[in-house]
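Letters A, B, ... mirror the listed sequences (proteins, then strands); counts begin at 1.
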4 protein chains.
Amino acid sequence: MKGIVYQGPRNVTVEELPDPTCQQPTDAVIRLTTTNICGSDLHMYEGRTNVEPGTVLGHENMGIVEEVGSAVGRIKPGMRVSVPFNIACGTCRSCNQGWTSFCERTNPIEGMQGAAYGYANMGPYDGGQAEFLRVPYADFNLLELPEGTEHENDFTLLSDVFPTGWHGVELAGMRPGDAVAVYGAGPVGLMAAHSAMIKGASEVYVVDFHDDRLKLASSIGAKPVDVRAGSPVEQIMDGTGGQGADSGVEAVGWQAHDPAGEEHPELVLDNLVQSVKAHGGIGVVGVYVPEDPKSPGRAADGRIGFDYGTFFTKGQRMGTGQAPVKRYNAELRDLIIEGRAEPGFIVSHELPLEEAPSAYANFDDRVNGWTKVLLKPGMTS
Amino acid sequence: MKGIVYQGPRNVTVEELPDPTCQQPTDAVIRLTTTNICGSDLHMYEGRTNVEPGTVLGHENMGIVEEVGSAVGRIKPGMRVSVPFNIACGTCRSCNQGWTSFCERTNPIEGMQGAAYGYANMGPYDGGQAEFLRVPYADFNLLELPEGTEHENDFTLLSDVFPTGWHGVELAGMRPGDAVAVYGAGPVGLMAAHSAMIKGASEVYVVDFHDDRLKLASSIGAKPVDVRAGSPVEQIMDGTGGQGADSGVEAVGWQAHDPAGEEHPELVLDNLVQSVKAHGGIGVVGVYVPEDPKSPGRAADGRIGFDYGTFFTKGQRMGTGQAPVKRYNAELRDLIIEGRAEPGFIVSHELPLEEAPSAYANFDDRVNGWTKVLLKPGMTS
Amino acid sequence: MKGIVYQGPRNVTVEELPDPTCQQPTDAVIRLTTTNICGSDLHMYEGRTNVEPGTVLGHENMGIVEEVGSAVGRIKPGMRVSVPFNIACGTCRSCNQGWTSFCERTNPIEGMQGAAYGYANMGPYDGGQAEFLRVPYADFNLLELPEGTEHENDFTLLSDVFPTGWHGVELAGMRPGDAVAVYGAGPVGLMAAHSAMIKGASEVYVVDFHDDRLKLASSIGAKPVDVRAGSPVEQIMDGTGGQGADSGVEAVGWQAHDPAGEEHPELVLDNLVQSVKAHGGIGVVGVYVPEDPKSPGRAADGRIGFDYGTFFTKGQRMGTGQAPVKRYNAELRDLIIEGRAEPGFIVSHELPLEEAPSAYANFDDRVNGWTKVLLKPGMTS
Amino acid sequence: MKGIVYQGPRNVTVEELPDPTCQQPTDAVIRLTTTNICGSDLHMYEGRTNVEPGTVLGHENMGIVEEVGSAVGRIKPGMRVSVPFNIACGTCRSCNQGWTSFCERTNPIEGMQGAAYGYANMGPYDGGQAEFLRVPYADFNLLELPEGTEHENDFTLLSDVFPTGWHGVELAGMRPGDAVAVYGAGPVGLMAAHSAMIKGASEVYVVDFHDDRLKLASSIGAKPVDVRAGSPVEQIMDGTGGQGADSGVEAVGWQAHDPAGEEHPELVLDNLVQSVKAHGGIGVVGVYVPEDPKSPGRAADGRIGFDYGTFFTKGQRMGTGQAPVKRYNAELRDLIIEGRAEPGFIVSHELPLEEAPSAYANFDDRVNGWTKVLLKPGMTS
């Protein structure tokens with residue numbers, strides 16, 4: 001089969017690879033119909049992680065079940081399924097508590113919890129930017145979708161960014177009626193904004209400095225806050241009559257930079273502490289890492305010296321980390337089926353696998369209009 | 001001033017009454033701009049309660065603050081305010097826990113908790129279907145609204161039916177993505193449906209047998225279920241692929257009757273137990289009473305022999321009772337201000353006080369199109 | 001192997017049976033070290049259910065893993081394990097939401113959710129009052145225990161009654177500091193009382209009329225309420241200064257009877273509604289059934305005409321149903337290991353399998369001192 | 001009356017002051033029976049805050065109501081009461097949501113929310129280390145206690161440290177069965193440990209390096225972790241079989257120092273991130289401030305560069321800030337009355353007001369055995 005392989009910083013290629021098979025009785029193999037490029041793939045693409053050259057990328061996967069192992073009973077060949085990016089066993093302590101993002105059995109790396117397809121530090125699993133994908137613990141991990149091809153570009157976002165945005169809002173402890181501040185209008189930030197609207201926010205501010213992204217925020221009823229027009233904190237304070245947002249979401253991560261491109265790892269957390277009211281909550285789904293030699297200052301060691309004194313004085317709360325996709329994806333699927341959620345509004349490109357290398361480059365460069373790229377393995381270029 | 005006085009079963013009149021004044025330093029007096037007739041006023045109107053003749057009716061009130069007592073500091077004359085139907089002290093054990101509907105200090109009747117304006121068993125407080133109203137514990141009870149007259153017919157529903165419908169959904173433990181079954185498309189049921197949509201239900205079924213009400217349900221994106229077309233349980237089961245609703249709301253009460261008008265006090269609870277899935281939740285905001293000699297069978301003593309064995313076997317949950325309006329009304333106000341909630345869609349009539357007697361009669365007869373009546377004390381007939 | 005077989009009302013025998021084996025790759029077989037007689041076994045024993053003669057009884061099981069299927073990876077032969085009474089698949093919608101008690105895949109009976117070992121209506125699974133037991137979905141269902149034999153009589157209660165009592169307290173929404181009223185001092189009621197104490201109740205009232213059981217309640221710091229000494233409602237009201245309990249647990253069920261032995265299916269719910277304060281919660285883990293021809297009046301059809309009017313007027317909440325054991329058993333195991341929970345205080349008898357018939361008879365007759373019987377398959381009589 | 005006045009760094013004196021009176025109709029005046037010195041008083045005492053010389057100190061107060069204003073109805077002269085350290089209005093948005101610690105009306109300082117007695121930045125309110133105290137919004141703020149003098153040294157801890165420790169455990173999201181790590185065995189840390197035990201922790205680790213404090217931790221069933229004996233993280237990892245604590249509490253604050261006395265503002269947060277498992281929660285009630293010129297490095301500006309990258313990677317949650325005492329104090333009082341909580345175990349000294357200056361000095365020097373000092377205004381020295 002064909003698949004997208006990481007070769008080194010800013011270098012991915014299309015390669016011919018062996019077809020995956022069921023290795024365990026609990027495995028399934030799926031044929032990909034759609035597989036997306038994620039903003040977090042760019043951390044690897046840019047060489048900011050320790051991912052190994054030769055890795056098949058891709059953790060946002062959906063498709064048709066091709067084959068199942070002998071112990072798989074709920075999932076059957078021919079089913080259309082979404083594959084959560086987390087690979088979870090379904091029986092460990094973390095999985096029992098609903099935290100599939102911190103599965104204790106699927107990541108063999110010492111001291112690590114949580115596994116994923118084609119991702120740095122997340123275990124020896126090939127990604128799904130390819131024609132086929134092996135899925136461990138298929139009965140537990142796979143989400144069944146309605147037959148056919150309807151809603152394909154909405155459903156494909158169930159594997160990661162829609163649940164991740166939703167998780168950000170959950171971690172923030174958002175309640176109906178809240179004013180919500182979302183920092184970052186990339187796919188995850190836009191999904192957080194969409195989630196907040198669906199869950200009954202009274203208003204959602206979305207902070208960014210890219211025109212195409214701010215426009216998408218407007219299109220779903222959120223209020224765009226353009227950093228180039230002045231302090232986002234002041235804009236949010238003005239919008240809320242000086243009270244601040246009730247809750248906030250961080251959808252940027254440690255590589256936060258200003259419009260000029262300079263990195264300020266503390267910038268977004270500082271802004272959130274200022275933008276959110278006392279006793280408000282902040283959900284952090286933008287990625288922070290314990291080590292990145294290319295980060296400025298102490299952030300190279302994962303140390304983010306944000307304004308903790310104010311955070312404490314305001315009695316704020318903060319939740320963090322990768323989303324346990326399985327906790328949310330069934331309800332989000334149902335919202336899509338009923339037309340109550342339409343996350344596909346972020347999709348800008350549908351391309352065949354062969355065009356992945358240029359798509360990575362354009363997405364990484366934030367070329368205007370490249371918001372979200374879907375790869376369609378069955379599409380001929 | 002003028003006010004609406006209960007004289008006996010199916011008999012209310014407009015009377016000249018003394019103007020209310022601040023009796024306690026914590027009181028305020030408001031001038032009513034809008035005061036609604038509530039479905040629960042009909043229980044009194046029909047003579048199904050022990051309300052005293054001579055009582056001024058009306059517990060759904062809003063207006064302008066006219067005067068405040070010496071200990072009132074947050075609320076000031078001239079403010080536009082919504083008055084929750086619950087009269088609460090703000091300092092007892094129940095109020096401390098957020099249950100203003102069960103205030104332990106404001107209802108002097110032995111063994112009763114919770115007070116209201118112009119209502120049977122709820123204490124010696126005049127209602128607000130009048131030109132002026134005395135509000136105890138004004139700083140605690142009154143909700144400030146934006147100046148002016150905008151959204152008047154939305155805001156007026158903040159005193160009771162919108163929070164009551166919202167409370168029904170809360171008691172049901174509804175979560176985003178749920179399919180929700182609402183029994184009863186009167187004002188409270190429609191507000192429950194509106195609330196469920198705002199909070200991210202995937203679909204909302206609304207059961208009734210009045211054309212005008214079912215049409216209003218459709219108008220907000222809910223799915224009308226017409227009892228005259230067959231079993232509502234079967235219709236909901238069909239709609240949900242046999243899985244049943246995830247949660248349900250009872251918005252009918254003990255006077256439930258079939259299309260032919262015969263009362264069946266157990267009917268709605270039985271239907272909900274059948275319509276809702278195993279381990280689902282049911283919120284009951286339709287009123288049930290401990291005693292009503294006019295009820296059939298054991299319901300005269302408050303005993304409702306619904307199918308408890310199935311309720312238990314399905315592991316369902318049920319929450320009940322009057323809504324603590326203050327828990328919700330600020331967030332609902334904010335949703336209205338931002339255009340995210342528009343509860344006023346249920347309003348069918350705006351009338352001067354003088355027309356209250358005929359309005360009561362039409363509303364009680366469920367004359368087609370009489371969904372919700374607002375009285376406007378300042379309007380000239 | 002030897003096992004206890006239901007032959008008909010009040011008739012169980014010890015029979016020689018074929019040894020169970022792994023039938024599915026996800027199965028395990030365990031060798032029982034302890035298997036208990038449950039109060040709910042008595043419903044079958046007394047002929048109040050439709051259980052088939054020939055059924056091997058026993059759903060409270062623990063032991064040593066003897067053999068595992070090819071897809072079992074977390075559980076290994078030789079492990080000491082507790083077996084939750086619920087048989088759950090771990091991958092259906094209910095299991096995903098933590099409701100293993102309503103698994104949608106393991107009970108093949110049409111319209112039923114939730115399966116169990118050796119139990120009426122709960123699927124075709126043999127019970128564990130035997131030497132060996134087949135356990136489906138072993139990786140998901142089995143709880144690992146520390147090696148050895150320590151705490152055996154505490155751990156054996158992890159399969160049902162300790163989590164069931166705990167669930168009753170959870171369903172009641174009990175919070176630390178609450179005064180809690182538990183009706184019924186059988187094993188489940190005593191476990192509910194123990195749970196409430198562990199979770200920080202300020203005081204726990206336990207209502208019964210058996211001396212041995214009331215004495216056990218006292219032994220864990222609860223306050224015994226003897227029905228023979230007068231109205232339990234009044235005793236609880238007196239104890240709480242007239243305020244009532246903050247939350248209550250029903251641990252009796254539909255066969256509730258007075259000290260004279262007459263059945264009153266509504267009695268306990270009525271008492272709870274009276275005993276618990278306004279806006280308090282009630283957890284119902286005593287069993288109610290949709291059909292029992294031997295029940296008096298409308299309870300034969302599952303209809304329990306309790307005082308619903310007062311329940312509503314007080315704004316109370318009620319949760320019901322079988323416990324999802326897996327939600328609680330790991331934390332309860334940890335509490336036992338650390339000496340913070342000692343549920344074994346209810347154990348009155350440890351007997352070899354061969355003595356099960358007489359043990360059933362004594363337990364059913366509530367012979368003084370027969371509180372909880374453990375069968376020890378390895379014990380020689 | 002006599003009162004304790006802050007004169008400057010490490011200098012407090014006993015002064016003759018005018019008696020307080022009711023200034024507002026909602027005020028009460030209480031006669032202090034017990035008033036404690038708090039660890040947070042030491043921040044002021046050491047000159048690490050901007051508190052004004054001349055301020056009467058003391059925010060941990062209880063006593064007998066002497067006089068009430070004309071609008072006070074629930075509280076009556078002669079009642080024995082506990083005074084929460086937070087001064088709250090009971091009617092603003094924060095108070096409505098249960099966050100009395102962030103009251104929006106009682107602190108007149110621009111941009112500040114939340115007020116307290118005798119405390120830097122918390123408004124113009126005299127403290128209660130005196131014979132009398134004025135209490136604003138008495139009906140809302142005061143907690144009624146049983147008449148008499150029983151449990152005085154337990155009840156006196158209801159004004160701050162017991163609810164603050166409890167709040168730390170709540171912010172951590174602790175659940176029954178959890179292993180809990182508490183950093184700091186001062187009064188707040190010990191109260192957090194006591195709270196965790198009451199709420200059903202399976203085990204509680206308490207980290208410190210003072211013998212008297214570690215011994216008190218042992219006395220309530222917690223497991224002392226002596227920093228002088230090696231890394232507390234390793235000790236907790238060993239104790240939990242390598243899994244880490246389920247939740248953690250920070251009860252030290254920004255002045256954290258090592259046994260040698262050197263300050264490391266990031267130390268405790270780093271240790272908690274390491275000690276707590278993935279997806280675990282951390283409650284921070286040790287104080288952090290936005291500005292302290294005497295702090296080392298960037299902490300002078302409130303910036304605490306802890307290991308955020310690991311915090312995120314582990315998906316941990318963190319809640320912070322001053323406790324809303326009123327949310328907890330009624331239930332904690334009930335636990336004391338029933339003998340289920342005995343927070344007074346931390347009390348080391350009961351002294352007359354006159355001995356406050358030397359008590360401050362000894363407490364500040366952490367003289368062995370000076371754990372918690374109660375001042376008794378009625379006591380003659």
Side-chain angles (χ1 to χ4, degrees), chain B residues 22-28 65 68-76 79 81-84 86-101 103-108 115 135-145 158 163 324-334 337, chain D residues 22-28 65 68-76 79 81-84 86-101 103-108 115 135-145 158 163 324-334 337:
Chain B
C22 288
Q23 299 173 15
Q24 300 290 334
T26 45
D27 283 355
V65 178
V68 300
S70 64
V72 174
R74 188 176 68 84
I75 295 297
K76 308 207 190 310
M79 275 184 181
V81 292
S82 171
V83 189
N86 330 277
I87 303 172
C89 75
T91 65
C92 70
R93 185 178 62 150
S94 288
C95 286
N96 283 342
Q97 297 174 0
W99 288 101
T100 52
S101 39
C103 176
E104 301 174 19
R105 294 178 62 221
T106 46
N107 190 334
V135 175
Y137 302 106
D139 265 352
F140 182 69
N141 285 310
L142 291 174
L143 175 73
E144 192 178 356
L145 300 173
L158 289 173
V325 168
K326 193 177 164 64
R327 193 186 295 167
Y328 311 117
N329 61 1
E331 69 198 37
L332 300 187
R333 172 199 59 196
D334 293 347
I337 291 172
Chain D
C22 288
Q23 299 172 15
Q24 300 290 334
T26 45
D27 282 355
V65 178
V68 300
S70 64
V72 175
R74 188 177 68 84
I75 295 297
K76 308 205 190 311
M79 276 185 179
V81 292
S82 171
V83 188
N86 330 277
I87 303 172
C89 74
T91 65
C92 70
R93 184 177 64 150
S94 288
C95 286
N96 283 342
Q97 297 175 359
W99 288 102
T100 52
S101 39
C103 176
E104 301 174 21
R105 295 178 63 221
T106 46
N107 190 336
V135 175
Y137 301 105
D139 266 353
F140 182 69
N141 284 311
L142 291 174
L143 175 72
E144 191 178 357
L145 301 172
L158 289 172
V325 167
K326 191 176 167 63
R327 192 186 296 168
Y328 311 116
N329 62 1
E331 69 197 40
L332 300 186
R333 171 199 61 196
D334 293 347
I337 290 172

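Between the CZ atom in B/Phe140 and the SG atom in D/Cys92 there is a gap of 11.5 Å [rounded to 0.5 Å]. Note that CD of B/Glu331 is 12.0 Å distant from CZ of D/Arg93, once rounded to the nearest 0.5 Å.
In terms of the side chain to side chain contact (heavy atoms under 4.5 Å, CB included) criterion, residue partners of B/Asn86 (sequence neighbours excluded) are, by chain and number, B/Pro84, B/Thr100, B/Ser101, B/Val325. For B/Asp334, there are no salt bridge (Lys or Arg N to Asp or Glu O under 4.0 Å) partners, not counting sequence neighbours.
Your options are B/Arg105, B/Lys326, B/Arg327, B/Glu144, and the one with the most heavy-atom pairs under 4.5 Å with chain D is B/Arg105. The candidate from D/Ala71, D/Cys89, D/Gly90, D/Ala330 with the greatest count of non-hydrogen atom pairs under 4.5 Å with chain B is D/Ala71. For the set B/Leu142, B/Asp139, B/Asn141, B/Ile75, the count of heavy-atom pairs under 4.5 angstrom toward chain D peaks at B/Asp139.
In this structure, B/Ser70 and D/Pro25 approach most closely via the heavy-atom pair O-CG, 4.0 Å.
Using modelled atom types, one side-chain atom of B/Arg74 and one backbone atom of D/Thr91 make a donor-acceptor pair closer than 3.5 Å.
Proximity to chain B (any heavy atom under 4.5 Å) is restricted, for D/Asn96, to the side chain, taken from C-beta onward.
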